[in-house]
Amino acid sequence: MTPDDPTLGIPADAMRRLAEMRPGQATTLFTSDLSVNEFLLVREAGFRPLGLVLGSSIYHVGFQMRRWGQNQELDTLSQAMYHARELAMTRMEAEAAVLGGDGIVGVRLAIEFKEFGNDLAEFLAVGTAVKADQTAPHGTWRNVKGQPFTSDLSGQDFWTLIQAGYAPLGMVMGSCVYHIAHRGFGQAFSNIGQNVEVPQFTEALYDARELAMSRMQAEAEQLRADGIVAVQLLSLPHRWGGHTTEFFAIGTAVTPLRDDHHITTPQLVLPLTDR
Amino acid sequence: MVGWDGQGLPPSAAARLERSRRSRLRTSLLGVPAAAAAESVDLTPVGEVMGSIVEHLGFQGWGGCGWYGGRGWAGPAGWRQMGGPGGRGPGGFAGPAGWSGATVSSGGRDAYAGYGPYVQAVYRGYHTALDRMLMEARGLGADGVVGVRLTVEHLGQSNREFVALGTAVRAKSPLRPAAPFVTDLSGPDVAKALRGGWVPVSLTIGISVAIRHDDWATLRQASAWINSEVSGYTELVSQVRAEARDQFAASAQRAAAETALVSRMDMRVWTIEPSEGHRDHVAEATVIGTALVRFHPTVQAPTRALTVLPLGSV
């Protein structure tokens, strides 16, 4: 579309609209933290933004003894990470439900440890509640729990997902806070000057990641999802020292909207900029 | 030399404006893609524009945290404006469990409570900087200012400089808006928005500060050995964010906008000790973004996304 397109006189129409504006006149307003690209693509995908939604929880993470020489999950800490994220997400979903949203797109989950207290962290979930222009082919856009769907996909990815005939059901996550054993003097000594695998470390990292991923999978099964897209598997050291790490798996559970999943073959473009 | 009286533009800015009006030289802060994007929707850069103000923030307000020697909450009803069963966040959402009323915020009815004067001063800082920038833009005959950067620098001794910096553009159009539009969206973003049928109106700002006493329950939750949400702190940050978002939306509403895209949402929490053994927490939330209106006649946006795969280096 070019500016001289007769249906859309840019910028004359835009200037006319600005000239007609009367500050203070009543309008229906929505807020959103989507970028312009995301905003336009979400609209094009057939969803209307309703407003920015947000949930927050400041959480005190408890204490758990770690055995110096043992690989173990620190379940108190795992539970804390789960519970606090759940609180933030639930509050965000509640705001979206009040707005009458079918779902929440572009969700960001952030954890920020606070300077003003020991083991205090803020868990924050922010996204944009959207309402579909049309009802879903399978009845409702909401998930099996009757909640608005959530998705941490960007607006671009969301557009592509809908084009490809899938709908998001919800963000699914799995968390496991794991303490990796310190090695005894004898073990460390025997490896000096050698390039060898350290099996207990390998095993610990395997265990922890598997726990996180299987928990995420279980959440997706609860939502009766077909698959999980855009999975991120993160190791978050937070503030627990070198041997204690949170393994965190997060993705968007999806369900098919139709049987064929073709999108138009992308055109190749050569950008005139480096990025 | 006679000092400048604070009205209009400072003499040096007025002189620069006068010089650029006479000259054919056009300056711009836009990069090549941004300039090309602006040109593609018939917006021509006419010059870089700036507004600045140094403000002394000497009075932050009074009223404290509303806690009196263990006797409980003794604030006037205004302090509970956000609180109690009637309290509501954006969209009628009643907060995590409804605000308890124990948080004193700048949005309350008492203008001095919860750092009210401080918040007003920060608003004045931003708005004066933006107004002065707009004055320069009008002087250049611009229809809008794109890519606006708002910065605040602490100069020490409670002095702060607020700066707004952007590129003024003029539309190839027979019609002129009553006031130039202002946006912190970049050149390409403005072009995409215009092609999608949306035009930026103004920069929108929401600020709120709230204070909350560290009461017994808060201290207990924050120092226990077990996992627990610290409901006092959660309420403090939730309320201050909700208020900043309300202010942000209200400001967009006053501009008669139809959407407001948030570009920045910051939060700062710090501890104060007004007296021995008395500790409060203060939270400041800032939401900044661009308000836009729709001008395309159809409900459906006239965009038509192409699937392309960029062969770039990323």
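Everything quoted here is computed from the prediction, not taken from an experiment. Below, each value reflects all heavy atoms present in this structure, side chains not excepted, and no hydrogens, waters or symmetry copies. Numbers restart at 1 for each chain; the letters A, B, ... are given by sequence-line order, proteins then strands.
When all heavy atoms of A:Met15 and B:Asp143 are compared, the closest pair comes out as SD-CB, 4.0 Å. A:Ala14 and B:Phe295 make their closest contact through CB-CE2, 3.7 Å (heavy atoms, listed as atom of the first residue, atom of the second, distance). Minimum interatomic distance between A:Val36 and B:Asp189 (heavy atoms only, all atoms of both residues): CG1-O, 3.6 Å.
Interface summary for chain B: among A:Ala19, A:Gly51, A:Ser57, A:Gly55, the most heavy-atom pairs under 4.5 angstrom belong to A:Ser57. Counting heavy-atom pairs closer than 4.5 Å to chain A, the top residue among B:Leu185, B:Val190, B:Val269 is B:Val269. Chosen from B:Thr271, B:Leu292, B:Val230, B:Leu43, the residue pairing most often with chain A at heavy-atom distances under 4.5 Å is B:Val230. For the set B:Ala249, B:Ser263, B:Ala257, B:Ala291, the entry with the most heavy-atom pairs within less than 4.5 Å of chain A is B:Ala257. Across B:Ile226, B:Thr204, B:Leu261, the residue that shares the most heavy-atom pairs under 4.5 angstrom with chain A is B:Leu261. By number of non-hydrogen pairs under 4.5 angstrom with chain B, the leading residue of A:Ala97, A:Ser35, A:Ser32 is A:Ser32. Note: A:Thr76 leads A:Val53, A:Leu34, A:Thr76 in heavy-atom pairs under 4.5 Å with chain B.
In this structure, the separation between CG on A:Leu29 and CZ on B:Arg254 is 11.5 Å, given to the nearest 0.5 Å. Note that the CD atom of B:Glu229 and the CD1 atom of A:Ile58 stand 9.0 Å from one another [nearest 0.5 Å]. Rounding to the nearest 0.5 Å places CG of A:Asp119 at 12.0 Å from OG of B:Ser228. Going from atom CG of A:Leu54 over to atom CZ of B:Arg245 covers 5.0 Å, rounded to the nearest 0.5 Å.
Under the 4.5 Å side-chain criterion, counting only non-hydrogen atoms from C-beta, A:Leu40 is in contact with B:Lys192. A 4.5 Å side-chain heavy-atom check between B:Trp198 and A:Arg17 finds every atom pair outside the cut-off. Inter-residue side-chain proximity for B:Asn227 and A:Val61 is flagged as met; some heavy-atom pair is nearer than 4.5 Å.
Near-neighbour residues of residues 170-180 of chain B relative to chain A, defined by a heavy atom under 4.5 Å from a heavy atom of that chain, comprise B:Ala171, B:Lys172, B:Ser173, B:Pro174, B:Leu175, B:Arg176, B:Pro177, B:Ala178.
Using a 4.5 Å cut-off between heavy atoms, A:Thr265 touches chain B through its backbone atoms (N, CA, C, O) alone. Proximity to chain B is limited to the side chain of A:Phe39, based on heavy atoms less than 4.5 angstrom apart. In this structure, chain A has a heavy atom under 4.5 Å from the backbone of B:Pro200, while its side chain stays farther away. Of the atoms belonging to B:Gln221, it is backbone heavy atoms, and not side-chain ones, that fall under 4.5 Å from chain A. Within the 4.5 angstrom heavy-atom criterion, atoms from both the backbone and the side chain of A:Leu268 approach chain B. Contacts between A:Ala80 and chain B at a heavy-atom distance below 4.5 Å involve backbone atoms as well as side-chain atoms.
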(message) Apply side-chain contact (heavy atoms from CB on, under 4.5 Å) to residues A:Arg91 and B:Thr234 and explain how you reach the verdict.
(response) CA-CA 12 Å; A:Arg91 283 167 193 164; B:Thr234 303; 3.4 Å; yes

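The number of heavy atoms from other shown groups lying within 6.0 Å of CD (B:Glu273) is above 12. Atom CD of A:Glu73 sits in a crowded spot, with more than 12 heavy atoms from other residues, nucleotides or ligands closer than 6.0 Å.
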Using a 3.5 Å cut-off and no angle test, enumerate the donor-acceptor pairs between side-chain atoms of residues 120-127 of chain A and protein atoms at least two apart in sequence or in another chain.
from	atom 1	to	atom 2	distance (Å)
A:Glu122	OE1	A:Lys114	NZ	3.4
A:Glu122	OE1	B:Arg241	NH2	3.2
A:Glu122	OE2	A:Ser56	OG	2.7
A:Glu122	OE2	B:Arg241	NH1	2.9
A:Glu122	OE2	B:Arg241	NH2	3.1

